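Following: one structure in structure tokens, then a few remarks.
Worth knowing before you read on, the calculation uses all heavy atoms, side chains too, and leaves out hydrogens, waters and symmetry mates. Fair warning: this is a prediction, and the values are worked out from it, not measured in the lab. Numbers restart at 1 for each chain; the letters A, B, ... are given by sequence-line order, proteins then strands.
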Amino acid sequence: MYMISYLSHKTNPSVNISYASRILAEREKLGSTYVDYGIAIPHGRIEGLEEPLISVISLKNPMPYSAKDHQKVHLFFGLLIPAVNDKQHDPHVEILAALAEKLKDENYRNALANATNNETLYLAATGKINP
Amino acid sequence: MIKATLTIKHALGLHARASMQLVDCVSRFSSTVTISCGKKSCDAKNILDVMTLGATRGTPVTVTVDGDDEADAMVAIQAFFDKGEDERF
């Protein structure tokens with residue numbers, strides 16, 4: 001969770017790394033964010049955040065996670081989403097829906113898995129590269 | 001086959017945790033379970049499928065259950081949707 005928070009902070013310095021890490025960890029305690037295909041989507045709502053932030057972390061060595069069937073995770077999509085009140089539009093479900101749609105695509109997943117550096121990982125994550 | 005229209009009562013809609021809980025719920029049954037929301041339709045036993053619905057609170061969804069244990073499955077699914085009102089963060 002620290003790395004997701006750190007990367008988010010690099011993009012948006014207003015993100016407090018400790019706070020964001022804590023939010024992500026607390027969310028993870030409520031239930032694993034492992035979805036499938038060795039991919040997890042840790043996420044949390046961040047007070048004061050104005051725009052959603054997405055971090056992508058690809059591991060050389062898949063790590064054990066609280067995933068079903070003891071599957072290991074090799075790819076993390078970390079989402080920091082603005083905390084909103086009842087009267088504001090909450091983009092949470094829409095963002096997750098859009099990400100899930102991408103992750104269902106085998107070509108998209110393969111492009112991510114085949115990325116060997118930050119640049120190709122970014123291009124794969126943004127859909128600008130094919131496997 | 002049993003079909004029912006249910007309303008999302010979860011405060012944050014079918015977000016990740018709710019979607020996972022729904023998948024856990026329906027995966028206990030052998031029947032096939034399909035959820036339709038607007039023009040989208042998905043296999044309720046597939047977490048990514050369920051998440052793509054992007055269903056928010058108050059959205060009506062159609063649940064179709066087909067199989068030997070369809071009655072029990074639908075009871076469990078209805079209970080899941082009803083429990084959404086109690087969700088707290």
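At a 4.5 Å heavy-atom cutoff, A/Glu94 makes no contact with chain B through either its backbone or its side chain. Only the backbone of B/Leu14 has a heavy atom closer than 4.5 Å to any heavy atom of chain A. For a residue to count as touching a neighbouring chain, one of its non-hydrogen atoms must lie under 4.5 Å from one of that chain's; by this rule A/Ile41 touches chain B with the side chain only.
Comparing B/Ile47, B/Leu53, B/Thr56, B/Asn46 by how many heavy-atom pairs each has under 4.5 Å with chain A, the most go to B/Ile47.
In this structure, the ring of B/His10 has its center less than 6.0 angstrom from the ring center of B/Phe80.
Side chain to side chain, A/Ser5 and A/Ser21 meet the donor-acceptor criterion of an N or O pair below 3.5 Å. With no hydrogens or angles considered, no side-chain donor-acceptor pair links B/Asp24 and B/Ser27 at under 3.5 Å.
Checking each of A/Tyr65, A/Tyr34, A/Tyr2 against A/Phe76 for a ring pair (Phe, Tyr, Trp, His ring centres under 6.0 Å) leaves exactly one that passes, namely A/Tyr65.
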